[in-house]
Student: 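The structure that follows is given in the form of structure tokens.
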Amino acid sequence: MAKRPARQFACRACGAVYPKWMGQCEACGEWNTLEEIAVEPLAASSPRASSKGRRVKLEGLEGMAAPPPRIRTSIEELDRVLGGGLVPASVVLVGGDPGIGKSTLLLQAACKLASKGERVLYISGEEAVDQIRLRALRLGVGQATLDLAASINVADIVATLEAEPDVRVVVIDSIQTMWLETVESAPGSVSQVRACAFELIRLAKRKGFSLILVGHVTKEGALAGPRVLEHMVDAVMYFEGDRGHQFRILRAAKNRFGATDEIGVFAMTDRGLEEVSNPSALFLAERRGNIAGSAVFAGLEGTRPVLLEVQALLAPKSGDNAPRRAVVGWDSSRLSMLLAVLETRCGVKLSGMDVYLNVAGGLKVAEPAADLAVAAALISAATGMPTSSGEVYFGEVGLSGEVRQVSQADARLKEAAKLGFDKAVLPRRIARGSARTKPPEGLTLREIGHLSDLVTADMEAE
Ligand code: TYD
Ligand code: MG
């Protein structure tokens, strides 16, 4: 007798599966995101029903054929994050908030590819064909020989792709609008999103085209988020940025064919997304010199150095409340640590103050190398002394206040010199004759071993 399949519930935000419904997902902590999913037929069938397997062929590591060449989109910032271009028969998921510019980016990429003679299909479940044409016109890419379709029916899409010859790249915008008749739930549900993606991915692998899936990140949790698909695809990139800012950053979260620490920087203009090949200049464009509480961090995003402004603001805390620690673009526990180090090791008292910290431009910094720049901004805010406008900072700060080495100091220094900075504050070279090449022309180095060196110098200058 066939056993009644057990019920299963999956989280729309992260895809975790549970045998019973719960109010909060234990994996990601989101509330009210669990929904019932169809139990996969394989799990439901009894072991007796499974047919006997065939022997698979075993092979050695050697004897690989040359990998097929990558398909370059000619949008440098995108190609870099992809690891050098799209890989045939691979699947890339592009996630991001609604309205951040995913459709714009992919339409631009699709048009570029099409104008290079690649066969590209752009299938939208969100916009009518005329809307896409209008957008392409606005982007100034209207003449590209792109194949457009508006459809949400995956069976139709699969039938079309089966019949079309020489398809190289397919864009599906978005996976949450796609629908398979055989799955009994609404578009955007975990079951639909997974089943539709599975069908499309299988076809991409079989036919050898490169598949790009768009996935909206939804905070409200009405739709299944891209994380539900992360394990099914070859690469995951997130398109980020504040709606209030011009900058958009494409970041790889997973990449089977490349590094995940590269970023692509774009600016949203009235003619679509423009590549920003020199992000430092853009991030520093609005910086005003001579204001206390600001310091420039020479950071690294992937292989690329990026200069950023770190801003700190201190205000006396109100009443008996605990002081506020508000951070944008950096790690708040790292800030607490730095404040403790400044107070205990350097005698800079900030515990009676509300602290606001902001990485200008909307970039999120993950590097511990930013410690020194953050400390400089905090010290500058505390003393009211602006840091010199020609100065950059980098270095990790340890719990005893020591300033530690960080990777790729040379690349950071070079970028600083390129942008006209004349002084860098950085960790002291460790003795053992560690080789630092000569600093770039026009840049003087100030190597410090302890955070208190930064404090004393600033207090002395006062
Ligand atoms: P879109 O690509 O539709 O976002 P997504 O697909 O991620 O939901 O981008 C929509 C936003 O981008 C919209 O607010 C308008 C803006 N935009 C421009 O500023 N310039 C342009 O040329 C285009 C096409 C869009
Ligand atoms: Mg869109």
Side-chain angles (χ1 to χ4, degrees), residues 12 73 75 77-78 81-82 92-115 120-144 146-152 154 157 169-179 187-188 192-193 196-197 200 211-230 233 235-253 263-276 282 361-362:
R12 280 189 292 267
T73 64
I75 299 181
E77 297 292 305
L78 175 60
V81 181
L82 285 167
V92 181
L93 174 67
V94 178
D97 292 327
I100 203 71
K102 301 181 292 299
S103 304
T104 309
L105 175 67
L106 294 176
L107 187 62
Q108 282 179 261
C111 288
K112 276 240 169 160
L113 282 166
S115 63
V120 185
L121 266 63
Y122 188 99
I123 299 167
S124 177
E126 306 199 332
E127 289 164 299
V129 169
D130 274 342
Q131 264 177 299
I132 305 170
R133 286 196 184 114
L134 266 178
R135 187 197 293 248
L137 271 179
R138 269 217 9 234
L139 298 172
V141 288
Q143 67 286 5
L146 185 67
D147 285 300
L148 296 175
S151 172
I152 62 165
V154 172
I157 295 171
V169 179
V170 176
V171 180
I172 301 285
D173 187 3
S174 67
I175 191 65
Q176 283 123 337
T177 54
M178 294 295 140
W179 177 75
Q192 276 291 1
V193 164
C196 293
L200 293 164
L211 175 66
I212 304 177
L213 301 173
V214 174
H216 293 295
V217 173
T218 50
K219 279 272 159 350
E220 288 70 35
L223 298 177
R227 288 190 55 198
V228 166
L229 296 177
E230 278 184 352
V233 299
V236 180
M237 2 224 93
Y238 283 100
F239 206 35
E240 306 169 344
D242 271 348
R243 241 31 118 88
H245 279 113
Q246 223 192 344
F247 323 121
R248 298 285 183 274
I249 288 152
L250 188 70
R251 201 184 280 279
I263 63 165
V265 184
F266 299 88
M268 179 63 94
T269 70
D270 56 353
R271 299 210 45 199
L273 289 158
E274 269 169 24
E275 295 183 59
V276 177
L282 186 76

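Quick caveat, the model's predicted, so the values are computed rather than measured. We count ligands from 1, going down the list as the structure has it; atoms in each ligand are counted the same way.
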Student: Quick check for students: name every N or O atom pair between ligand 1 and the protein closer than 3.5 Å, with distances.
Tutor:
from     : atom 1 : to   : atom 2 : distance (Å)
ligand 1 : 2 (O)  : S103 : N      : 3.3
ligand 1 : 2 (O)  : T104 : N      : 2.8
ligand 1 : 2 (O)  : T104 : OG1    : 2.5
ligand 1 : 2 (O)  : R135 : NH1    : 3.2
ligand 1 : 3 (O)  : R135 : NH1    : 3.2
ligand 1 : 3 (O)  : R135 : NH2    : 3.1
ligand 1 : 4 (O)  : G101 : N      : 3.1
ligand 1 : 6 (O)  : S103 : N      : 2.9
ligand 1 : 6 (O)  : S103 : OG     : 2.6
ligand 1 : 7 (O)  : I100 : N      : 3.4
ligand 1 : 7 (O)  : G101 : N      : 3.0
ligand 1 : 7 (O)  : K102 : N      : 2.8
ligand 1 : 7 (O)  : K102 : NZ     : 2.9
ligand 1 : 8 (O)  : G99  : N      : 2.6
ligand 1 : 20 (N) : R138 : NH2    : 3.4
ligand 1 : 20 (N) : T269 : O      : 2.8
ligand 1 : 22 (O) : R138 : NH2    : 3.2
ligand 1 : 22 (O) : D270 : O      : 3.4
ligand 1 : 22 (O) : G272 : N      : 2.8

Student: Would you compute the distance between atom CD1 of I249 and atom CD of E77 and round it to the nearest 0.5 angstrom?
Tutor: 10.5 Å
Student: List for me each residue that meets side-chain hydrogen bond (donor to acceptor under 3.5 Å, both in side chains) alongside Q176, sequence neighbours excluded, and say none if there are none.
Tutor: none
Student: Would you say the side-chain atoms of K102 pair up with the backbone N or O of Y238, donor to acceptor, closer than 3.5 Å?
Tutor: no
Student: Whether the side chain of Q108 engages the backbone of G272 through a donor-acceptor N/O pair (distance < 3.5 Å, no angle test) should be reported.
Tutor: no
Student: Can you tell which of L213, I212, V120 makes a side chain to side chain contact (heavy atoms under 4.5 Å, CB included) with L106?
Tutor: I212
Student: For the Mg ion (ligand 2), how many protein N, O or S atoms come closer than 2.8 Å?
Tutor: 1
Student: Would you find a donor on one side and an acceptor on the other, under 3.5 Å apart, between the side chain of R248 and the backbone of I100?
Tutor: yes
Student: Minimum heavy-atom separation for L78 to A109, with atom names?
Tutor: CD2-CB, 3.8 Å
Student: Which pairs pass salt bridge (Lys or Arg N to Asp or Glu O under 4.0 Å) with one or both residues in residues 121-130, sequence neighbours excluded?
Tutor: E127-R135, D130-R133
Student: With distance as the sole test, does K112 use its side chain to make a donor-acceptor pair with the main-chain N or O of I75 at under 3.5 Å?
Tutor: no
